[in-house]
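Encoded as structure tokens, the structure appears first; notes follow it.
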Amino acid sequence: MSTIFISIGYNNASMIATLSLLRTRFQEAVARAHGVDGVDVQVLPASNPQFGDLQVNVALQLAKAVGKPPRAIAEGIVAELQLDDFCETPTIAGPGFINLKLKTSYLDATLNATYADTRLGVAPAAQPLRTVVDFSGPNIAKEMHVGHLRSTIIGDSIARIYEFLGHDVLRLNHVGDWGTQFGMLIAFLRDTQPSALTDASTLDIGDLVGFYKRAKLRFDTDDEFKERARREVVKLQSGDPESLFAWKLLCDQSRVAFEKIYQTLDIKITERGESFYNPLLPAVVEDLEAQGLLTESDGALCVFVDGFMNKEGNPLPLIIRKTDGAYNYATTDLAAVRYRINEDHAKCVVIVTDIGQSDHFAQVFAVARLAGWLPDDVRMVHVPFGLVQGEDGKKFKTRSGETVKLSDLLDEAVVRARAHLDERLDSEGREETEEFKADLADKVGIAAVKYADLSVNRGSNYVFSFDKMLALQGNTAPYMLYAYVRVQGIARKGDVDFASLAGLDNIHIVEPSERDLAKHLLELDDVLARIAEDFLPSRLCTYLFELSQKFNHFYENCPVLNAEEPTRTSRLALADLTARTLQLGLSLLGISTVDRL
RNA sequence: GCGCCGGUAGCUCAGUGGAUAGAGCAUCAGUCUUCGGAACUGAGGGCCGGGGGUUCGAAUCCCUCCCGGCGCACCA
């Protein structure tokens with residue numbers, strides 16, 4: 001029992017461990033008191049601080065099975081409970097709730113263990129999983145827009161969280177670098193700049209997006225051109241060297257623009273586009289054929305899976321090979337499923353795309369399962385996010401010209417952050433160097449955009465608004481950065497070196513606002529564990545926002561530098577632990593902290 | 001028509017079958033001799049889309065209807 005006070009790795013420095021221990025103790029008590037084994041005991045945070053820290057409702061759940069009034073059941077359980085080592089005496093309230101209050105000594109011990117831990121109490125995964133995170137996925141010769149921001153930011157955050165949890169993560173950029181549009185682009189390149197096909201240095205297509213639009217216009221209005229574009233696709237897919245050369249030119253050109261965005265957003269990702277799977281497509285078809293899963297329908301090779309219907313109510317096929325003999329993205333996605341499992345040895349594959357592709361991936365996964373390519377021990381998940389909508393509630397149209405370019409959005413964010421900063425410095429009469437201001441505006445602007453995107457539940461649709469996305473007050477990145485800066489300000493003002501506080505078991509909780517902050521600090525591992533299950537980084541945003549609120553409450557109510565010892569040192573450590581938690585949490589969202597604002 | 005998402009405060013959104021449904025923004029009223037005011041405190045504002053059901057208990061689960069978005073055969 002006493003081991004609970006001793007810091008031994010990750011066994012006790014976390015909320016997960018506390019809850020797990022409580023569940024076990026309750027199960028034992030229920031078994032002793034009422035002879036019921038293996039009850040699933042839900043230990044929940046108290047709905048109101050007046051009820052303590054945690055509540056257990058198992059007595060209400062057992063009423064029918066045991067055949068006694070809930071309060072009597074609760075009394076029986078409490079009489080058998082052994083919680084003296086970390087809880088005050090449990091109380092029974094209302095119809096039969098058992099309310100728990102953690103002992104301050106337990107909170108202190110757990111906090112000090114967390115403070116001494118570079119991982120802040122978050123245990124690395126017992127079984128590291130080889131994990132593929134497929135995100136971002138821009139299209140060659142098209143501009144990245146706000147939809148790509150969602151995939152990029154959400155995917156990056158998921159990858160960061162999995163990496164921190166100790167998993168072996170492969171970040172893949174499934175770039176749209178293959179398909180029918182390349183016939184059009186290559187044909188247009190031949191027409192307008194033939195010299196570039198033999199000498200890449202003569203290439204001049206200005207902005208690639210304009211090039212794409214001119215090619216598309218020609219494609220739509222010139223039948224002869226259209227026919228040549230079709231032939232280019234065939235040549236490209238069959239590996240014609242000149243076509244491949246032209247294709248590579250276009251990809252290289254696009255990559256420059258993508259790289260710039262990734263650098264701005266601090267995204268690390270390995271490009272493995274659709275073209276990568278091209279050589280693997282025939283084998284996909286052959287294997288499906290060998291299993292007798294292919295059906296010819298209107299000249300196309302299809303797989304039919306139960307549960308998928310078209311608008312006439314007829315079975316909806318997954319088209320593996322088109323009537324003209326070409327493959328499509330379903331084939332590519334099946335090849336990707338196989339490759340990631342067989343060659344990358346992934347046990348977990350996370351694909352982050354817009355919600356409009358949910359049916360497609362459900363069908364692809366179903367076919368993969370049917371073909372025996374997707375074993376039960378591999379977790380294959382589509383992580384969808386809501387559509388970006390215009391003010392009218394309709395989907396943003398890529399071709400309509402109304403799309404906000406991602407690069408413009410990021411620029412605008414930095415400009416706004418700078419304007420806000422200048423205004424504030426002016427009102428405070430502060431003088432700062434241009435370097436400081438420019439650097440800060442960059443960081444705050446990008447942080448604001450990322451946070452705005454990550455903080456809403458990814459499933460929700462998303463009405464695009466510069467004002468909302470670039471807001472700097474309320475539940476925004478600057479709010480959390482400010483809480484972090486306040487801690488650093490304390491250190492500067494008091495000339496305190498936080499590193500000197502390490503390993504001294506300094507933290508002793510006294511005030512209610514300290515207690516409230518402390519409990520929240522211990523919940524980090526529980527939050528991350530849940531995100532690892534449901535892939536909702538917005539949970540981490542909520543956690544960090546609440547942490548900042550609780551810290552500000554503490555800051556308002558508890559003087560730090562002016563407090564007497566040992567309270568002063570205890571509060572310094574608590575503030576530092578808050579800052580470290582904010583820093584870690586924000587880093588998992590891809591946001592870096594600053595020491596001054 | 002079928003399928004998938006969604007409907008919670010004026011707006012944007014949280015909410016794990018539990019006690020009195022919460023934040024932010026906006027509005028109004030306060031807090032500056034105290035560690036940095038991008039802060040803090042308080043107020044108003046809700047038939048949780050409607051109706052049934054399951055349950056000791058439902059915003060949460062089931063059924064049904066209404067509204068919105070998206071998808072539904074060779075684009076990705």
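Chain A is the first sequence line, chain B the second, and so forth, proteins listed ahead of strands; every chain is numbered from 1.
Among the protein residues, A:Cys541 comes within range of no part of the nucleic acid, since none of its heavy atoms lies under 4.0 Å from any strand. Using a 4.0 Å heavy-atom distance criterion, A:Pro559 is classed as a base contact. Backbone-only contact: A:Asn457 has heavy atoms under 4.0 Å from sugar-phosphate atoms and none from a base. Within 4.0 Å of A:Glu428, counting heavy atoms only, lies at least one base atom of the nucleic acid. Counting non-hydrogen atoms under 4.0 angstrom, A:Leu60 reaches a base of the nucleic acid. Across all strands shown, A:Glu533 has no heavy atoms under 4.0 Å from either base or sugar-phosphate atoms. If you check every strand for non-hydrogen atoms under 4.0 Å, A:Arg424 touches a base. Base contact: A:Ala300 has a heavy atom under 4.0 Å from a base atom. Looking at heavy-atom distances under 4.0 Å, A:Lys311 makes contact with a base. Residue-level contact check: A:His420 touches the bases, meaning some heavy atom is under 4.0 Å from a base atom. Counting non-hydrogen atoms under 4.0 angstrom, A:Arg571 reaches nothing in the nucleic acid. The residue A:Ala483 sits apart from the nucleic acid: no heavy atom pair falls under 4.0 Å. When heavy atoms are screened at a 4.0 angstrom cut-off, A:Gln55 is found touching base atoms of the nucleic acid. Residue contacts for A:Asn310: at a heavy-atom cut-off of 4.0 Å it reaches a base atom on one of the strands shown.
Ring stacking is absent between A:Phe545 and B:A23, as the pair misses the limits of under 5.5 Å between centres and under 30 degrees between planes. Where stacking is scored as ring centres under 5.5 Å apart with planes under 30°, A:Phe51 registers as stacked on the base of B:A19.
To the nearest angstrom, C1' of B:A73 lies 11 Å from OH of A:Tyr329. The nearest whole Å value for the distance from the CD atom in A:Gln42 to the C1' atom in B:G57 is 15 Å. One atom, CD1 of A:Ile92, and another, P of B:A19, lie 18 Å apart when rounded to the nearest Å. The NE2-P distance, from A:His520 to B:A23, rounds to 14 Å in whole Å. The CZ atom of A:Arg596 sits 16 Å away from the C1' atom of B:C35 (whole-angstrom rounding). Distance A:Asp453 CG to B:C13 P: 12 Å, rounded to the nearest Å. Rounded to an integer number of Å, the gap from CD of A:Glu296 to C1' of B:A73 is 14 Å. Rounded to an integer number of Å, the gap from CG of A:Asp354 to P of B:C75 is 18 Å.
Judged by distance alone, the side chain of A:Arg458 and the main-chain N or O of A:Phe535 form a donor-acceptor pair under 3.5 Å. The closest donor-acceptor contact from the side chain of A:Tyr277 to the backbone of A:Asp333 lies at 3.5 Å or more, if one exists at all. Counting only distance, with no hydrogens or angles, the side chain of A:Thr569 and the backbone of A:Pro566 share no donor-acceptor pair below 3.5 Å. Put simply, the side chain of A:Gln363 never gets that close to the backbone of A:Val367: no donor and acceptor are under 3.5 Å apart.
Of the candidates B:U41, B:G24, B:U20, the closest approach to any side-chain atom of A:Gln549 belongs to B:G24. Taking every side-chain heavy atom of A:Asn328 into account, B:A76 is the closest of B:A38, B:A76, B:C56. Listed nucleotides B:C35, B:A39, B:U16 differ in distance to A:Arg539; the shortest reach to its side chain belongs to B:U16. Nearest to the side chain of A:Asn562, among B:C40, B:U20, B:U34, sits B:U34. Proximity note for A:Phe97 (side chain, C-beta onward) versus B:A73, B:U16, B:G18: the nearest is B:G18. Comparing B:C40, B:G36, B:A19 against the side chain of A:Ala93 picks out B:A19 as the nearest.
Using atom C1' as the reference point in both B:G17 and B:A73, the two lie 43 Å apart (nearest Å). Comparing B:G22 with B:U16, their C1' atoms sit 15 Å apart, to the nearest whole Å. Going from the P atom of B:G49 to that of B:U55 covers 23 Å, rounded to whole Å. Taking the C1' atoms as reference points, B:C67 lies 15 Å from B:G51, given to the whole Å. Comparing the C1' positions of B:A76 and B:C70 gives a spacing of 16 Å, expressed to the nearest Å. Nucleotides B:C13 and B:G46 have their C1' atoms positioned 15 Å apart, rounded to a whole Å.
Cation-pi contact between A:Arg218 and A:Phe188: absent, since separation from the ring centre below 6.0 Å together with deviation from the ring axis within 45° is not met. The cationic group of A:Arg486 does not satisfy the cation-pi geometry with A:Phe551, failing either the under 6.0 Å distance to the six-membered ring centre or the 45° limit from the ring axis. For the pair A:Arg272 and A:Phe276, the cation-pi criterion (under 6.0 Å, within 45° of the ring axis) is fulfilled.
Mapping A:Ala417 and A:Asn48 onto RNA chain B via the closest heavy atom, the residue that lands nearer the 5' end is A:Asn48. If A:Pro317 and A:Ser548 are placed on RNA chain B by their nearest nucleotide, the residue sitting closer to the 5' end is A:Ser548.
Between A:His520 and A:Tyr543, the angle of the ring planes stays under 30°, which puts this pair in the parallel group of the 30/60° scheme. Note: A:His148 and A:His145 have tilted aromatic rings, judged against thresholds of 30 and 60 degrees for the angle between ring planes.
For A:Asp306, the CG atom is loosely surrounded, since the number of other residues' heavy atoms within 6.0 Å does not exceed 12. When the shell of 6.0 Å around CD of A:Glu431 is examined, it contains 12 or fewer heavy atoms from other residues, nucleotides or ligands. The number of heavy atoms from other shown groups lying within 6.0 Å of CD (A:Glu564) does not exceed 12.
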Under the 3.5 Å Watson-Crick or G-U criterion, the dot-bracket string of RNA chain B, with | for inter-strand pairs: (((((((..((((....[...)))).(((((.......))))).....(((((..]....))))))))))))....
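Side-chain N/O atoms of A:Tyr327 include none lying less than 4.0 angstrom from OP1 or OP2 on B:C75. Residue A:Arg492 places no side-chain N or O under 4.0 Å from the OP1 or OP2 atom of B:G36. An OP1 or OP2 oxygen of B:C11 is reached within less than 4.0 angstrom by no side-chain nitrogen or oxygen of A:Lys468.
A:Asp220 and A:Lys226 are not joined by a salt bridge, as no carboxylate oxygen comes within less than 4.0 angstrom of a charged side-chain nitrogen. Salt-bridge annotation for A:Arg230 and A:Glu232: absent, with no side-chain N of the basic residue lying under 4.0 Å from a carboxylate O of the acidic one. Under the 4.0 Å criterion applied to side-chain N and carboxylate O atoms, A:Arg530 and A:Asp534 are not assigned as salt-bridge partners.
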Evaluation steps, ring pair (Phe, Tyr, Trp, His ring centres under 6.0 Å), between A:Tyr327 and A:Tyr329: CA-CA 7 Å; A:Tyr327 305 111; A:Tyr329 77 130; over 10 Å; no
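Taken residue by residue, residues 172-182 of chain A places no heavy atom nearer than 4.0 Å to RNA chain B.
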Report each atom pair, protein N/O against N/O of nucleotides 3-6 of chain B, whose distance is under 3.5 angstrom.
none

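Taking only distance into account, the side chain of A:Ser297 meets the base of B:A73 through a donor-acceptor pair shorter than 3.5 Å.
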